[in-house]
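In what follows, chains carry the letters A, B, and so on, assigned in the order in which the sequence lines appear, proteins first and then strands, with residues in each chain numbered from 1. Since we're looking at a predicted model, the values are computed, not measured.
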Amino acid sequence: METPILSIDNLTVVYRLQGVWREAIREVSLRVAAAQTYGIVGESGSGKSTLVQAVMGYLSANGAVQQGSIYIEGEDWLRATHRRRQQIWGARLSMVPQDPLSALNPALTIGEQIAELVRRHVRLSRKAAHERAIEMLRRVKLPDPESIARRYPHQISGGQQQRALIAMALASPELRLLVLDEPTTSLDVTTEAAILDLFAELQADHRAATIFVTHNLGVVARMCQRVAVLYAGEVMEDAPTETLYSAALHPYTRLLLRAVPRIGDSTPLQAIAGRIPSLRQRPSGCVFAPRCPIATDLCHAHKPPQERAEEGHLVRCHHWRAVADGSLRVEEASSALRRREMQSAEISFFEQLLSDNQNGAQATVMRAEHVRVRYGARGLLGRLLGKKPPFRAVDDVSMRVPRGKTLGLVGESGSGKTTFARSLIGLVEIESGEAHLLDMPLRGTPRQRAKATLKAMQMIFQHPEESLNPYRTVGQTLRRPLMTLSGMSRVEADRAAAELLRAVNLPADYLSRFPSELSGGEKQRVAIARAFAAQPALILCDEPVSSLDVSVQASILNLLAQLQAQYDVAYLFISHDLAVVGYLADYIAVIYRGQLVERGRAESFFTPPHHPYTEALLASLPLPDPRARVRRIRLPDDQPSGGVPSGCRFHPRCPRYLGEVCRTQAPPWQRDSQGRYYRCHIPPAELAALQAEREG
Amino acid sequence: MIGYLIRRVLFFGLTLLLTSLLIFAAVRLLPGDVESAVLGRGAEPAARAALREELGLDLPFLAQYANWLSGFLRGDWGNSYALKLPIRPLVMERLGNSLRLALIAMLVAIPPSVLLGLLAGLNEGKPFDTAFSLISLILVGIPEFVMGIILINVVALEWKLLPSSASVPPDASFGEALPRLILPSLTAAAVLLAYIGRLTRVGVIAEMRRTYVRTAVLKGLSWRQVVFKHVLRNALLPTITVIAISLGWLISGLVVIEQVFAYPGLGRLMVFAIQQRDLPLILGGVMIAVTVFALANLVADLLYAALNPRIRLS
């Protein structure tokens with residue numbers, strides 16, 4: 001291997017927290033060569049942000065490098081003066097950050113933000129630097145770069161902002177090392193796919209060494225030649241991508257791969273029990289031992305050294321040899337552990353719920369007919385105050401949710417999926433159309449609704465930290481719906497709250513805890529328990545796992561599936577992630593700009609024909625398998641300020657655009673032989689043939 | 001942007017209209033009657049009735065308001081009961097005096113306050129910042145009249161550097177008037193300085209924590225470029241708004257300072273008018289104060305929009 005561009009040796013970074021130094025990353029070593037893309041995978045709390053900051057030479061004020069070294073092109077980066085760093089930053093070392101909008105200065109044009117970097121590092125006139133900026137914008141495939149250069153960040157879409165930041169990162173001709181810090185995490189899946197394409201394409205040009213930091217195993221599989229798996233600040237395993245996905249040796253890596261939902265696969269996900277230890281509670285032995293299904297006394301007592309399993313494959317586990325030769329089976333050990341946990345949870349509260357709900361059983365729990373929701377109706381005063389013109393977020397959506405089943409509602413940001421849920425629960429007004437829950441009309445604000453209606457429908461939100469009252473203990477949170485909606489006495493409610501906690505696999509002593517004392521996954525379990533406390537017939541789940549780490553996400557999905565199987569509750573499960581929806585749902589509906597474009601049963605959902613939008617969504621998913629062929633369908637960016645397109649709303653972005661008819665006529669619902677409906681001008685047989693052609 | 005401008009101006013007009021109605025009603029509710037104020041307490045009932053008719057006080061409320069409003073709009077603001085003088089020139093002259101004082105105070109206060117606030121914000125938590133926070137808090141806390149009296153006692157009476165009274169003869173040139181204006185404007189500036197400085201500091205601290213600052217630093221830009229080109233532009237947005245609004249506040253709120261320095265400003269005229277129950281004078285003065293205040297707000301909003309591309313271009 002040629003001299004690496006970046007070499008990190010035995011790096012330990014510490015933070016000073018309340019007067020004590022804590023290790024955020026420990027003994028990390030990496031070498032990244034020119035033109036190589038090195039993946040760093042980790043969940044939150046793994047230390048990946050700290051690693052990025054250390055490489056950039058920009059640790060926060062309370063952080064320090066305790067030991068180890070970082071060399072960039074043979075230069076001791078930790079010893080570099082601030083002046084020296086200013087010469088390297090932007091010239092030889094660049095970063096693409098996570099959230100593009102906040103990373104751009106709102107008060108400067110895109111062109112100027114790139115040109116100032118060019119002027120700083122290359123001797124160019126103002127005009128030449130501006131031209132270079134436009135040239136870079138063209139290289140990242142932004143349409144009409146001259147006009148983008150004149151615009152401000154808020155005037156372009158998220159995908160375009162990220163392209164602009166990539167253009168900025170690559171603007172220096174001497175770039176050697178590129179750090180990508182979760183560059184696609186905040187983007188929609190179709191945009192993410194296009195940005196990943198761009199990285200892959202540009203890499204051939206710039207030949208800089210690249211570090212790709214992400215939590216997404218699918219992204220790593222697609223983009224990286226090597227991967228280091230980071231857990232609680234330590235590299236657990238470090239291997240070529242192919243090896244890591246096919247023959248991982250560390251139990252954490254193996255379990256993480258099993259925890260990812262995959263399209264078309266509904267075998268139960270393997271969650272990893274427990275959570276990443278915080279900085280304050282790092283175990284003295286192996287950091288993964290407390291969650292590891294094969295951990296022994298040795299693991300709890302002694303940190304395993306990093307060992308070389310074979311050329312280029314490093315692993316930090318006492319038992320890697322037993323995993324390698326098959327004498328220890330991580331996945332089976334984990335399943336056995338889970339079964340024991342499940343048996344210990346006796347759930348009498350839910351038995352009662354089951355019998356209650358079966359009284360007056362009927363097939364459809366919720367039906368919505370031609371629901372429309374409009375935002376921003378404005379009167380004279382509103383117009384004077386400059387309120388935005390009205391915007392129909394949900395336009396003619398009809399659906400039925402059957403008892404005990406899950407309807408997955410899939411859409412990207414701005415599709416209207418959350419607004420639809422909010423209209424059902426009464427947080428926004430239904431403009432026209434109607435919705436019924438068990439024959440009770442859903443009308444008016446929650447305050448105006450009958451108790452029976454409130455009780456029958458509950459909601460689980462995306463961010464549990466925002467939906468739980470920080471000043472109420474878990475017990476108080478759970479007791480409230482039990483007393484107000486289910487009419488229990490204080491004593492009964494206390495008992496039921498304890499049972500609820502057990503049902504969501506949390507220990508009973510959590511009743512007296514406050515939300516701040518819980519992890520993200522635990523908070524979401526409490527939120528689920530609270531939703532079940534009212535013994536609802538329908539739960540609206542609004543992206544309930546998208547803010548959670550992969551390993552935790554799996555356990556929440558499993559919990560939801562298990563509770564549903566036992567207790568016959570229906571879910572309207574809203575998500576942007578087709579893989580997650582596919583795992584849980586019985587029926588799937590896809591929503592685009594306020595309208596459903598496809599609906600059908602989940603089993604047959606992943607075979608053609610699809611609505612072209614669904615097809616693009618499916619083709620955009622990064623698959624956690626490095627051998628997966630990349631199916632390329634890329635949508636042009638959605639323009640943030642455009643009005644609702646005429647005819648078919650998808651036509652400006654549609655890869656299967658027919659012509660005139662798509663632009664002028666709203667497409668009809670078509671029904672294919674499997675009983676699936678989609679809204680498109682292309683008939684099923686023809687669409688299936690087109691799509692099979694691409695797959696084959 | 002044009003649409004925004006039109007909306008703001010329309011809104012400005014609406015504000016003034018509603019305010020005038022409110023003030024007109026409020027003034028009518030003041031204790032004491034006009035007849036006694038004009039004719040003296042022992043006036044004949046016939047004279048009272050004649051006066052009421054002459055002043056239009058026998059008309060219904062809305063008709064009175066309409067009369068007053070049309071007069072006001074045509075520039076006929078009526079005569080002061082107490083001074084027997086036309087109101088408009090009187091109020092305008094006082095407004096000019098107040099504006100002069102306010103502008104000097106702002107010129108004195110703004111440059112150092114922005115600079116000090118910026119330095120304090122960039123050195124958050126360090127001794128300079130602590131000292132700045134402490135001193136500015138004390139300045140904000142000291143009432144204007146205490147500050148004014150201290151200045152009069154020390155600078156005017158003890159050191160005899162400047163006159164203690166700020167009453168300027170109407171025909172004095174700016175050069176002659178200036179020494180008399182220094183003490184009152186310093187008093188006003190002290191509060192303004194502390195207030196704007198603290199605001200700038202908070203703005204700078206908040207902006208320094210934004211992600212785009214990291215982007216700018218990691219481009220390799222110099223510290224000066226990061227601060228002046230990236231941070232200050234965003235950090236000063238709220239400050240600029242407050243500066244514009246504070247002009248309105250200075251015009252209508254300098255009553256205490258004008259009183260202490262015997263300065264013939266609008267505030268002092270208003271105090272006089274209220275003491276005399278001089279209803280037309282109160283109305284005219286308040287309307288002008290409100291107009292200036294609303295105008296300052298309008299300018300602040302437009303300035304903010306013009307400087308903030310997120311509003312300017314949406």
Side-chain angles (χ1 to χ4, degrees), chain A residues 52-53 56-58 60-61 82-109 112-121 150-155 164-165 168-169 171-172 179 181 380-388 640-641, chain B residues 1-15 17-18 123-126 203 205-238 240 301-302 304-314:
Chain A
V52 166
Q53 288 166 14
M56 294 309 294
Y58 196 66
S60 60
H82 191 74
R83 184 166 288 271
R84 179 66 186 146
R85 283 180 199 191
Q86 287 181 339
Q87 290 167 359
I88 305 275
W89 282 332
R92 291 202 268 159
L93 167 61
S94 283
M95 176 170 127
V96 177
Q98 177 170 165
D99 178 12
L101 181 60
S102 70
L104 288 164
N105 190 329
L108 297 174
T109 61
E112 173 54 22
Q113 297 195 47
I114 299 173
E116 68 172 350
L117 178 143
V118 176
R119 290 201 302 273
R120 175 83 177 162
H121 296 294
R150 280 194 304 271
R151 293 199 215 172
Y152 289 88
H154 73 277
Q155 292 178 295
L165 278 161
M168 189 186 295
S172 160
V179 177
D181 184 10
L380 180 70
L381 191 66
R383 207 165 306 200
L384 208 55
L385 290 169
K387 280 218 238 159
K388 291 201 169 116
S641 54
Chain B
M1 184 65 189
I2 299 294
Y4 178 78
L5 199 94
I6 292 171
R7 279 200 309 273
R8 294 305 316 188
V9 171
L10 282 178
F11 197 65
F12 169 71
L14 190 67
T15 312
L17 193 71
L18 289 177
N123 295 293
E124 189 195 351
K126 295 188 186 152
I205 290 175
E207 289 302 316
M208 285 301 286
R209 297 198 177 133
R210 301 268 303 270
T211 318
Y212 72 79
V213 176
R214 183 186 66 182
T215 311
V217 170
L218 294 183
K219 282 180 197 177
L221 299 182
S222 70
W223 187 237
R224 189 190 305 235
Q225 281 173 309
V226 172
V227 169
F228 287 98
K229 185 166 171 187
H230 286 262
V231 175
L232 207 53
R233 191 180 288 249
N234 292 299
L236 284 188
L237 275 179
I240 287 167
D301 280 357
L302 295 181
Y304 185 83
L307 292 172
N308 187 345
R310 265 177 292 187
I311 295 183
R312 183 174 75 223
L313 300 169
S314 62

_If I take atom CH2 from residue B/Trp223 and atom NE2 from residue A/His82, how far apart are they, to the nearest 0.5 angstrom?_
7.5 Å

Is [Y] close to [X] at the side-chain level, that is, under 4.5 Å between some pair of heavy atoms?
| X | Y | value |
| --- | --- | --- |
| A/Met168 | B/Lys219 | yes |
| A/Asn105 | B/Thr215 | no |
| B/Pro309 | A/Arg151 | no |

*salt bridge (charged side-chain N to carboxylate O under 4.0 Å, His left out) with B/Glu207: which residues, sequence neighbours excluded?*
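For B/Glu207, the residues satisfying salt bridge (charged side-chain N to carboxylate O under 4.0 Å, His left out) (neighbours in sequence not counted) are B/Arg210.
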
*How about A/Gln113 and B/His230: does a side-chain donor come under 3.5 Å of a side-chain acceptor?*
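No, no side-chain donor-acceptor pair sits under 3.5 Å.
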
*Examine whether an atom of A/His121 lies under 4.5 Å from a heavy atom of chain B, and if so say whether it belongs to the side chain, the backbone or both; otherwise answer neither.*
side chain

_Heavy-atom proximity to chain B below 4.5 Å, by part of A/Arg83_ =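 Neither part.
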
Side chains of residues 87-96 of chain A: which donor-acceptor pairs under 3.5 Å do they make with residues two or more places apart or in other chains?
| from | atom 1 | to | atom 2 | distance (Å) |
| --- | --- | --- | --- | --- |
| A/Gln87 | OE1 | A/Arg84 | NH1 | 2.8 |
| A/Trp89 | NE1 | A/Met56 | O | 2.7 |
| A/Arg92 | NH1 | A/Glu73 | OE1 | 2.3 |
| A/Ser94 | OG | A/Ala169 | O | 2.9 |

*Show your working on side chain to side chain contact (heavy atoms under 4.5 Å, CB included) between A/Leu108 and B/Lys229 and close with a plain yes or no.*
CA-CA 9 Å; A/Leu108 297 174; B/Lys229 185 166 171 187; 4.2 Å; yes

_Taking every non-hydrogen atom, the tightest pair across B/Asn234 and A/Pro106_ =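 Taking B/Asn234 first and A/Pro106 second, the nearest heavy atoms are OD1-CG, 3.7 Å.
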
*Which atom pair, heavy atoms only, marks the closest approach of A/Ala107 to B/Arg233?*
CB-CD, 3.4 Å

*Does the pair A/Leu104 and B/Thr211 meet the rule for a side chain to side chain contact (heavy atoms under 4.5 Å, CB included), with working shown?*
CA-CA 8 Å; A/Leu104 288 164; B/Thr211 318; over 6 Å; no

_Tell me which of these, A/Arg119, A/Arg85, A/Arg120, has more heavy-atom pairs under 4.5 Å with chain B than the rest._
A/Arg120

_Quick check on the interface: out of A/Ser102, A/Pro97, A/Pro153, A/Ser172, who has the most heavy-atom pairs with chain B under 4.5 Å?_
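Of the options given, most contacts go to A/Ser102.
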
*Among B/Val231, B/Leu307, B/Leu221, B/Leu237, single out the residue with the greatest number of heavy-atom pairs under 4.5 Å to chain A.*
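The answer is B/Leu221.
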
*Could you look at B/Arg214 and say if it's the side chain, the backbone, both or neither that has a heavy atom under 4.5 Å from chain A?*
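For B/Arg214, heavy atoms of backbone and side chain both lie under 4.5 Å from chain A.
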
